[in-house]
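Notes to accompany the following structure.
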Amino acid sequence: MKRIGFLSFGHWTPSPQSQVRTAADALLQSIELAVAAEELGADGAYFRVHHFARQLGSPFPLLAAVGARTKKIEIGTAVIDMRYENPLYMVEDAGAADIIAGGRLQLGISRGSPEQVIDGWRYFGYAPHEGETDADMARRHAEVFLELLAGKGFAQPNPRPMFPNPPGLLRVEPHSEGLRDRIWWGSSSNATSKWAAKLGMHLQSSTLKDDESGEPLHVQQRKQIDAYREAWKEAGHTREPRVSVSRSIFALVDDRDRAYFGRDARDQDQIGYIDANTRAIFGRSYAAEPEVLVEQLAQDEAIAAADTLLLTVPNQLGVEYNAHAISSILKFVAPELGWR
């Protein structure tokens, strides 16, 4: 069995060709797609977070709304950029959303990706400490977030409070039991995957990764997963680690599919630079008839190694089409690969 969910960036644009023309469209259709995915039998509804962009920028109201409209599906992010986050406020928001969802949040966090603006986190009031990089700051914020999620009191209570306090030091509320064990780290390198394992976070490996060996993305990701699981074992955690990979996969089963993706030329990994010093590898897309997809995906070593597959969806094509695309994978591809 393999868990299969969708990952949406929540793009919106006023273009007449888009089914998602406003922020309201993006948010409301995200909720509707999660409801539809649950009805189809998918396992997860995940959302990307980007700031200063016409995309999904504030995850917790959306996660709470999805939690209130669904019953079983996992609800998550992939990922929240921790350079922008106040860990204490984030613990409150995450706890509230998780309680509304009945303990179904799976929060992916990370140090972020190339941005729309230069050093956007500075506008949010954050700056690295002396000697820190922005990536160091993100990891520091993450460590504070993880510590607070444990639910231990740390704040000295007022001796004359407005309302009665429980005994001892106070924690931020509401506290959601078990959420600490459902935090994932979006890792683009082997080193940060090992760091995540040491801290007891699950692993999200995206279609964008540091090119550390020149090998195909799926091979590099599989080696990253192996390194992560070994580090998890060495850390002595008693829980089972989870690993997700994301892919753009489209089964061509009708004329719409062929019109949208039948000529998709992104059938090879791409190489680029996400900054002046970091060479990255971008994963290919898969678009073919179901029987061809089965053969291609069976060769993907990272998908085979992961327990969770996130299907990146073209959200601007609307809820109905994306539900169809998810359904095609669940119906025609997943069973043939032994995923269902």
Side-chain angles (χ1 to χ4, degrees), residues 2-9 43-50 74 76-82 106-114 135 138-139 142 182-235 237 239-249 266 268-272 274 278-286 296-313 329 337 339:
K2 193 180 295 290
R3 292 181 177 91
I4 302 175
F6 73 82
L7 171 60
S8 174
F9 281 50
D43 302 295
Y46 287 74
F47 303 96
R48 186 71 169 89
V49 180
H50 277 135
E74 292 182 342
T77 52
V79 290
I80 298 172
D81 187 336
M82 293 303 291
Q106 302 284 342
L107 288 182
I109 63 177
S110 190
R111 53 87 57 201
S113 61
R139 288 188 283 271
R182 288 179 273 118
I183 306 301
W184 304 59
W185 185 259
S187 174
S188 64
S189 70
N190 291 2
T192 54
S193 72
K194 294 176 185 178
W195 172 81
K198 181 179 178 181
L199 292 180
M201 289 186 281
H202 304 298
L203 175 66
Q204 289 180 335
S205 190
S206 180
T207 49
L208 167 63
K209 185 185 179 300
D210 294 358
D211 186 6
E212 299 183 84
S213 68
E215 296 170 293
L217 174 70
H218 73 100
V219 176
Q220 293 196 47
Q221 284 185 312
R222 192 265 301 161
K223 291 182 177 180
Q224 180 192 41
I225 293 168
D226 290 345
Y228 165 80
R229 286 182 172 143
E230 183 60 31
W232 182 281
K233 182 179 178 181
E234 291 175 357
H237 303 302
R239 296 178 287 120
E240 284 295 315
R242 288 184 59 184
V243 175
S244 75
V245 295
S246 57
R247 293 287 187 271
S248 295
I249 305 173
R266 296 171 295 174
Q268 299 291 328
D269 294 339
Q270 303 293 317
I271 301 296
I274 58 174
T278 306
R279 175 183 161 104
I281 184 167
F282 302 80
R284 57 163 296 181
S285 297
Y286 292 92
Q296 293 175 337
L297 295 171
Q299 305 303 313
D300 192 309
E301 296 181 16
I303 292 179
D307 60 79
T308 301
L309 172 63
L310 301 182
L311 304 170
T312 57
V313 295
I329 299 300
L337 287 163
W339 295 347

Next on the checklist: With a 4.5 Å cut-off on side-chain heavy atoms, are Glu74 and Thr308 touching?
Outcome noted: no

Checklist entry - In chain order, what residues pass the side-chain contact (heavy atoms from CB on, under 4.5 Å) check against Glu215, with sequence neighbours excluded? => result Ser213, Val219, Gln220, Lys223

Next on the checklist: Taking the six-membered ring for Trp, are Tyr46 and Phe9 closer than 6.0 Å centroid to centroid?
Outcome noted: no

Checklist entry - Quick check: are there more than 12 heavy atoms from other residues, nucleotides or ligands sitting under 6.0 Å from NZ of Lys194? => result no

Checklist entry - Looking at CZ of Arg222 and CG of Asp300, how far apart are the two atoms once the value is rounded to the nearest 0.5 Å? => result 11.0 Å

Checklist entry - Are more than 12 heavy atoms from other residues, nucleotides or ligands located less than 6.0 Å from atom NZ of Lys2? => result yes

Item to check | Heavy-atom check, side chain of Val245 versus side chain of Leu309, under 4.5 Å | outcome: yes

Item to check | side-chain contact (heavy atoms from CB on, under 4.5 Å) partners for Ile271, two or more places apart | outcome: Asp211, Arg279, Ile281

Next on the checklist: The criterion is side-chain hydrogen bond (donor to acceptor under 3.5 Å, both in side chains); which residues satisfy it with Ser285, sequence neighbours excluded?
Outcome noted: none

Checklist entry - Where do Arg3 and Asp43 come nearest, in terms of heavy atoms and distance? => result CA-OD2, 3.3 Å

Checklist entry - So Ile329 and Tyr286, side chain to side chain contact (heavy atoms under 4.5 Å, CB included) or not? Walk me through it. => result CA-CA 11 Å; Ile329 299 300; Tyr286 292 92; over 6 Å; no

Next on the checklist: When you measure from the side chain of His237 to the backbone of Lys198, do you find a donor-acceptor pair of N or O atoms at a distance under 3.5 Å?
Outcome noted: yes

Item to check | Note, Thr192 side chain near Arg139 side chain (heavy atom, < 4.5 Å) | outcome: yes

Checklist outcome for this item: side-chain hydrogen bond (donor to acceptor under 3.5 Å, both in side chains) filter on Ser8, not counting sequence neighbours, yields none

Checklist entry - Is any side-chain heavy atom of Gln204 less than 4.5 Å from a side-chain heavy atom of Gln106? => result no

Item to check | Residues in side-chain contact (heavy atoms from CB on, under 4.5 Å) contact with Ala197, at least two apart in sequence or another chain | outcome: Tyr228, Ala231, Trp232

Checklist entry - Is the shortest heavy-atom distance from the side chain of Arg284 to the side chain of Leu217 under 4.5 Å? => result no

Checklist entry - Tell me, do Ile4 and Leu311 make a side-chain contact under 4.5 Å, heavy atoms counted? => result yes

Checklist entry - Excluding sequence neighbours, so at least two apart, what forms side-chain contact (heavy atoms from CB on, under 4.5 Å) with Ser110? => result Val79, Trp185

Checklist entry - Which pair of non-hydrogen atoms, one from Ala306 and one from Ile225, has the smallest distance, and what is that distance? => result N-CD1, 4.4 Å

Next on the checklist: Working note: Ile303 + Leu337, criterion side chain to side chain contact (heavy atoms under 4.5 Å, CB included); need CA distance, chi angles, decisive distance, verdict.
Outcome noted: CA-CA 11 Å; Ile303 292 179; Leu337 287 163; over 6 Å; no

Checklist entry - Only one of Ser189, Ser205, Ser188 clears side chain to side chain donor-acceptor pair (under 3.5 Å) with Gln224; which? => result Ser205

Checklist entry - Does the side chain of Lys209 come within less than 4.5 Å of Asn190's, by heavy atoms? => result yes

